[in-house]
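To start, the structure under review is shown below, and the notes come after it.
Because only heavy atoms are used, hydrogens play no part in the values below, and waters and symmetry mates are left out as well, while side chains stay in.
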Amino acid sequence: MDPEAATNGTAVTEFILLGLLETEKLQSLVFVLFLFAYLLTVGGNLSILAAILVEPKLHTPMYFFLGNLSVLDVGCITVTIPSMLGRLLSHKRAVPYGACLTQLFFFHQLAGVDCFLLTAMAYDRFLAICRPLTYSTLMSHSVQWILVAVSWACALTNALIHTIALTTLNFCGPNEVNHFYCDLPQLFQLSCSSTQLNELLLFGLGFLMTGLPVILIITSYIHVAAAVLQIRSVEGRKKAFFTCGSHLTVVCLFYGTGIFNYMRLGTEEASDKDKGVGIFNTVINPMLNPLIYSLRNPDVQGALWRVLVGRRLLT
């Protein structure tokens, strides 16, 4: 470490993202796979969004939140994957300091909205099943937009705090990030100043962003399960469990990988595992969400078919 650099602030002006693989022979394969995954994810989520917009049956609070989730999934994968593909094409792995922080900010902004939006969807299921008589009042259009706006505001606060706190750290070298996008745990490892405050913020805000929503989601579904078990109709129980099951699957995938990544600080030895978790966060989860919500859902499937073929089916 250069003492003079340490006292003068951030000496590093760019970071070197090592990517997924260092073997050049396999980089072409990685490019093709991730390009295909990106196009599939964007196409799938935009198709879900289009289906929700054109199908009157899907103009309900649950699908309103699902449409917002699709937009977020497109944003999350767009923040990380196109830049990685560009580096693979150009064979230039350097990323300017400002661009790295910008990517980190937008990724945490969009992922943070995801946290609260999934909680809002659980609350919607709770009201629909446990409070059906007052559902339309408690989940009105204004309430839906308020929940989305609060989600964006809370996520913006979280992303700003982490980004501003990161600018207080000194980076004097080395500047190699063993990842394919800029994220907090990997950048902490490169700092030549104390990251104690940043780590406290990561754990403290991490609980607010993941722990509190998970508690609310679990509480909602405990009440939902109790209400569903009281439904006499077998078909009614199946429909309720299926609707909630799709959402719970997405919640487990999203929070499971997020907690693994941010509730423990990465080490040099864990960096390869971090890449695997990063692939789940940025590629696998956004790609699976349209499949999870459309699978065995006749309303969504019918709307998707009408969007794809450009005509209405007879009902």
Side-chain angles (χ1 to χ4, degrees), residues 48 52 58-73 76 110-155 157-158 205-260 262-263 281 285-286 288-297 299-300:
I48 290 287
I52 292 171
L58 303 183
H59 293 174
T60 63
M62 181 179 72
Y63 292 108
F64 170 77
F65 292 127
L66 178 57
N68 279 271
L69 189 66
S70 296
V71 173
L72 291 172
D73 286 338
C76 280
L110 296 170
V113 179
D114 246 330
C115 289
F116 294 109
L117 202 59
L118 290 172
T119 309
M121 294 174 76
Y123 177 62
D124 171 70
R125 292 298 83 205
F126 164 75
L127 292 179
I129 295 174
C130 301
R131 304 287 187 272
L133 297 179
T134 57
Y135 175 68
S136 58
T137 302
L138 296 175
M139 192 52 73
S140 61
H141 286 293
S142 58
V143 172
Q144 296 169 40
W145 282 107
I146 289 172
L147 289 173
V148 171
V150 170
S151 298
W152 277 91
C154 292
T157 303
N158 174 70
L205 293 176
F207 175 78
L208 294 177
M209 297 294 293
T210 59
L212 188 59
V214 166
I215 291 173
L216 293 175
I217 290 171
I218 292 174
T219 302
S220 296
Y221 275 111
I222 288 175
H223 289 88
V224 167
V228 169
L229 291 174
Q230 294 178 1
I231 298 176
R232 294 182 178 181
S233 168
V234 176
E235 190 64 27
R237 286 200 298 268
K238 285 183 178 180
K239 184 177 180 180
F241 273 126
F242 172 73
T243 303
C244 298
S246 299
H247 179 249
L248 281 174
T249 302
V250 173
V251 167
C252 291
L253 288 172
F254 179 81
Y255 282 105
T257 54
I259 290 173
F260 179 85
Y262 297 110
M263 289 295 97
N281 286 335
N285 288 348
L288 288 179
N289 286 350
L291 295 176
I292 293 171
Y293 280 107
S294 62
L295 194 65
R296 293 174 56 194
N297 189 321
D299 292 334
V300 175

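- Contacts of V71 classified as side chain to side chain contact (heavy atoms under 4.5 Å, CB included), with partners at least two apart in sequence or in another chain: L49.
- In this structure, H59 and F64 have side chains that are not in contact, with every pair of non-hydrogen atoms separated by 4.5 Å or more.
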Can you list, pair by pair, the side-chain donor-acceptor contacts under 3.5 Å of residues 111-124, counting residues two or more places apart and other chains?
| residue | atom | partner | partner atom | Å |
| --- | --- | --- | --- | --- |
| T119 | OG1 | C115 | O | 3.0 |
| D124 | OD1 | Y135 | OH | 2.5 |

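- From T249, atom OG1 reaches atom CG of L288 across 10.0 Å, with rounding to the nearest 0.5 Å.
- Rounded to the nearest 0.5 angstrom, L205 CG and T210 OG1 are separated by 10.0 Å.
- Scanning both residues, L208 and P213, for their nearest heavy atoms gives O-CD, 3.2 Å.
- By the 4.5 Å heavy-atom criterion applied to side chains, I52 and L66 are counted as neighbours.
- Applying the ring pair (Phe, Tyr, Trp, His ring centres under 6.0 Å) rule to F126 yields the partners H223; only residues at least two apart in sequence or on another chain are considered.
- To the nearest 0.5 angstrom, S136 atom OG is 14.5 Å from R131 atom CZ.
- For the side chain to side chain donor-acceptor pair (under 3.5 Å) condition, the pairs that include at least one residue of residues 60-73, sequence neighbours left out, are Y63-N297, D73-N289.
- In plain terms, the two heavy atoms of P286 and N281 that are nearest each other are CD-O, 3.7 Å.
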Inset, instruction - Determine, stepwise, if the pair C244 / I129 fulfils side-chain contact (heavy atoms from CB on, under 4.5 Å). - result: CA-CA 10 Å; C244 298; I129 295 174; 3.8 Å; yes

N/O donor-acceptor pairs under 3.5 Å from side chains in residues 144-155, not counting sequence neighbours:
| residue | atom | partner | partner atom | Å |
| --- | --- | --- | --- | --- |
| Q144 | NE2 | M139 | O | 3.1 |
| Q144 | NE2 | S140 | O | 3.4 |
| S151 | OG | L147 | O | 2.8 |

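- Under the rule for a side chain to side chain contact (heavy atoms under 4.5 Å, CB included), T137 has no partner lying at least two apart in sequence or in another chain.
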